[in-house]
There are 2 protein chains.
Amino acid sequence: MEQSDAATRPRNGDRKAPPTIYDIARLTGVSPSTVSRALNKPGRLNAQTERRIRDAASELGYRINPMARALPTGKTGTLGLLVSDITNPVYFDLVRGAERVAFETGMTIVLADSQESPELERATAERLQTSVDGLLLVGSRLEDQQIQELYSVKPLVVVNRLVEGIPAVIPDVRPGITTALEQLREAGHRRIAYLAGPEASWLNGQRWQTAFATAVEWDMSIVEIKSNAPTREGGAEAFGRVKAADVTAVLAYNDLVALGLLRECRDHGVDVPGRLSIVGFDDIFGADLPTPALSTIRMPLTSLGEKGIRRLLTEIEGGRSEDESALPTEFVGRESIAKAA
Amino acid sequence: MEQSDAATRPRNGDRKAPPTIYDIARLTGVSPSTVSRALNKPGRLNAQTERRIRDAASELGYRINPMARALPTGKTGTLGLLVSDITNPVYFDLVRGAERVAFETGMTIVLADSQESPELERATAERLQTSVDGLLLVGSRLEDQQIQELYSVKPLVVVNRLVEGIPAVIPDVRPGITTALEQLREAGHRRIAYLAGPEASWLNGQRWQTAFATAVEWDMSIVEIKSNAPTREGGAEAFGRVKAADVTAVLAYNDLVALGLLRECRDHGVDVPGRLSIVGFDDIFGADLPTPALSTIRMPLTSLGEKGIRRLLTEIEGGRSEDESALPTEFVGRESIAKAA
DNA sequence: GCTACCTCGGCAATCGGTTGGCAAACACGC
DNA sequence: GCGTGTTTGCCAACCGATTGCCGAGGTAGC
């Protein structure tokens, strides 16, 4: 596996230091401050001088040193994105959306995850705060007060959560849930279960409360079933409790849990959707793969990511953006729903 | 959606500047340089003085300013991780592994993707290089020379690729492919196809060449079928060509392509594995979800991520780490393989 | 020809750390 | 009492930008 003569590789000492504005200044015979202005105060200088400096800069392959700029300005050009679990496919599109907006505005995103641990989340958030201009907290498991403390240090926006006094971007779970329960009701389901997510999750609360209120309104019975983790394993592990609950349909906290339950049903010979209908949340990658394909309530993930970053940017600029309306969810009907047995 | 009285939110000006070593110096009556040494040259100072300073620091809630440190030292404490497509589940575990090692060593990871575009990859890499200590290039689509140029600027490690003179971490595709073809052969398959990935992908070349050599050695016929993109859509779109090729088994460039093909087969009534056996690569999230569950060749993703970062760290320290042996792949038998028709 | 104003570019301070060199203070041996 | 050596902490320069202020020179108005 030796790919090359080690002696031919650059050592750190070999690499030439990148050019600075001082190099450009020397080359063009002006002062460094003039170079700085030429490069980021267009119009401030004589057009011809500016041209000359810009040319010299690109000839030298000059790239601004973000650290050096950050020191006097206090702006790092970096945003922190903290999610509860990187390996949860639900964050794909959200991250993508966030990245797109960040890239367009010339910001860099630092992605980190807290592995569903509040302690780790706090530690990571604090560490990130020293090197970013603002933080996007997605599905935070922290307590309100901790988030407020973080907010008192640096700009911050929460996604999928509401905290007193903190700018937020959230989905409106109502449309998706309403349609889903409507479908279940029309298919004759009267006893349904909600397979719960983490208690510290605000979104879990929203989903449960909305499902609960809707079910009650429509005279369906509904029970909440605990699950240990918002993962496929968590869903599989809840199978026994679901079965014992004697319901004809399950609304799961998220697709991961729904997929875990679905698989377990198949492995135990419980016919889905014949004997049990299952609906998930999020419409993650893979939700359409199993047979039956999973019906789910799609979250506006890309938009949540995009709006989150935009919101954060105006927050950083000191603007006080209006809290916009929540982004609507949408029911995606697939094969995991059928007439109640 | 108004969550709070806007007037109660901190404005940027409201936030108090974080404490600096100057604050600590003033508080303890020593000079800033002494504070600096107390905090990161243990033993250089009188033990008692050091204690006093450390106590004051933690009392003030001091956190070092990474930018300020980066300036004189040239070390940013940040590593860049550049993947070809963030939304490809294959990178989950790799990113996880990389993050774990980075976190343990106190480094921060900046994750970016190039959306399968070489131009974007180069631009992003160059941008990242100004603010990180080193770069991990995963599945790069750049040309060798471009990578070498990047390497001449900052430390860099490539994953899933070999480039002359560049430290690399790669999988050994042989074990997985050998076992997979062995199984196919024993099941009576004699005509197989390789559904190709991006031409610019080194890994695609490895997979094809190894499959080719092995098939030839064992007297199986093998053909290469192009696919337009290494995605589910790409796999679906290749269905016609696969069907026309008159083979009994397909080895796909990755699971995404395999899943796309699998779905398309189902939609067109082609029985898998009855009439066509399918094997993927990577064992991504979701590979086990469809019916039939996808057989695949698992990549040591977590290890690739971990080793990649470790390798990068020694590279940054100026060490010249030995090129270690490639990490073995492993065949994962599921339901998408059966006896040849 | 004089004042008033504007344009253009440089000086120097600043951001928050790090670090080489030095000097003060102290201990020790003789 | 003096030379030598060691410990300890400070001074000041530096990293690479940004920016307030100022002065030189040009232009215009009267």
Side-chain angles (χ1 to χ4, degrees), chain A residues 12 15-54 56-57 60-78 106 129-133 153-154, chain B residues 12 15-54 56-57 60-78 106 129-133 153-154:
Chain A
N12 288 339
R15 308 185 212 263
K16 50 197 169 311
T20 71
I21 56 168
Y22 293 86
D23 298 322
I24 303 178
R26 206 169 323 117
L27 190 66
T28 53
V30 299
S31 92
S33 55
T34 305
V35 176
S36 173
R37 281 192 258 262
L39 263 26
N40 43 60
K41 296 273 187 325
R44 170 71 169 72
L45 262 49
N46 179 305
Q48 189 191 327
T49 315
E50 193 177 315
R51 235 317 14 98
R52 224 174 70 237
I53 296 178
R54 294 201 114 94
L60 259 57
Y62 171 77
R63 304 208 118 61
I64 197 168
N65 179 331
M67 309 297 153
R69 162 177 277 177
L71 208 36
T73 61
K75 307 262 118 237
T76 65
T78 301
Q129 274 193 325
T130 65
S131 47
V132 302
D133 293 340
V153 175
K154 279 262 174 85
Chain B
N12 288 339
R15 307 188 215 262
K16 51 199 170 308
T20 71
I21 56 169
Y22 293 86
D23 298 322
I24 303 177
R26 208 172 317 115
L27 190 67
T28 54
V30 299
S31 90
S33 55
T34 304
V35 175
S36 171
R37 281 193 253 262
L39 263 26
N40 43 60
K41 295 274 187 323
R44 171 70 170 74
L45 261 49
N46 180 307
Q48 189 191 327
T49 315
E50 193 178 315
R51 233 321 12 99
R52 224 175 70 236
I53 297 177
R54 294 200 114 96
L60 259 59
Y62 171 75
R63 301 209 121 60
I64 197 167
N65 179 330
M67 308 297 153
R69 162 178 276 177
L71 208 36
T73 62
K75 307 262 119 234
T76 64
T78 300
Q129 274 194 324
T130 65
S131 47
V132 301
D133 293 339
V153 175
K154 279 261 175 86

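Residue numbers start from 1 in every chain, and the chains themselves are labelled A, B, ... in the order their sequence lines are given, proteins ahead of strands. From a predicted model like this one, the values you see are computed outputs, not experimental measurements. Basis for what follows: all heavy atoms, side chains included, without hydrogens, waters or symmetry-related copies.
- When rounded to the nearest whole Å, the span between CE of A/M67 and P of D/dT18 equals 14 Å.
- At the phosphate of D/dC15, neither OP1 nor OP2 sits under 4.0 Å from any side-chain N or O atom of A/N65.
- Shortest non-hydrogen contact noted between B/R37 and B/L45 is CB-CD1, 3.9 Å.
- Within the 3.5 Å criterion, the main-chain N or O of B/K75 finds no donor-acceptor partner in the side chain of B/R69.
- Atom pair A/L71:CG and D/dA17:C1' shows a separation of 8 Å (rounding to whole Å applied).
- One finds a side-chain N or O of B/S36 lying less than 4.0 angstrom from the OP1 or OP2 phosphate oxygen of C/dT18.
- OP1 or OP2 of C/dG9 has not a single side-chain nitrogen or oxygen of A/T34 nearer than 4.0 Å.
- OP1 or OP2 of C/dG17 has at least one side-chain nitrogen or oxygen of B/Y62 nearer than 4.0 Å.
- When the C1' atom of C/dC8 is taken as reference, atom NZ of A/K41 falls 15 Å away, rounded to whole Å.
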Evaluation steps, side chain to side chain contact (heavy atoms under 4.5 Å, CB included), between B/I21 and B/Y62: CA-CA 8 Å; B/I21 56 169; B/Y62 171 75; 3.4 Å; yes

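- In this structure, CD of B/E50 is placed 14 Å from P of D/dC10, rounded to the nearest angstrom.
- Among all heavy-atom pairs drawn from B/A68 and B/P72, the shortest one is O-CD, 3.0 Å.
- Of the candidate nucleotides C/dT19, D/dG16, C/dC11, C/dC11 has the atom lying nearest to any side-chain atom of A/S31.
- Place A/Y22 and A/P32 on DNA chain C by their nearest nucleotides, and A/P32 ends up nearer the 5' end.
- Between A/L39 atom CG and D/dG16 atom C1' the separation is 13 Å, expressed in whole Å.
- Residue order along DNA chain D, read from the 5' end via each residue's closest nucleotide, puts B/G29 first among B/G29 and B/P72.
- Judged by distance alone, with hydrogens and angles left aside, the side-chain atoms of B/E50 form a donor-acceptor pair with the main-chain N or O of B/G43 at under 3.5 Å.
- No hydrogens or angles were tested; on distance alone, a donor-acceptor pair under 3.5 Å links the side chain of B/R44 to the base of D/dG9.
- Screening B/L27, B/N46, B/I24, B/V30 for a side-chain contact (heavy atoms from CB on, under 4.5 Å) involving B/R52 leaves a single residue, B/V30.
- Look at CD on A/Q48: it is 11 Å from P on C/dC8, rounded to the nearest Å.
- Map B/R52 and A/I21 each onto its nearest nucleotide of DNA chain D; the residue landing nearer the 5' end is B/R52.
- For B/T20, the side-chain atoms get nearest to C/dG16 when compared with the rest of C/dT18, D/dT8, C/dG16.
- Separating the CZ atom of A/R26 from the P atom of D/dA17 is a distance of 12 Å, rounded to the nearest angstrom.
- In this structure, of D/dA12, D/dT18, C/dG17, it is D/dA12 that holds the atom nearest to the side chain of B/S33.
- Between B/R63 atom CZ and C/dG16 atom P there is a gap of 17 Å when expressed in whole angstrom units.
- Nucleic acid contact for B/T73: sugar-phosphate only, since backbone atoms but no base atoms lie under 4.0 Å from a heavy atom of the residue.
- A donor-acceptor contact under 3.5 Å links the side chain of B/R37 to the base of C/dG20.
- Note on A/K75: every side-chain N or O is 4.0 Å or more away from OP1 and OP2 of D/dT18.
- If you check every strand for non-hydrogen atoms under 4.0 Å, B/L45 touches sugar and phosphate atoms only.
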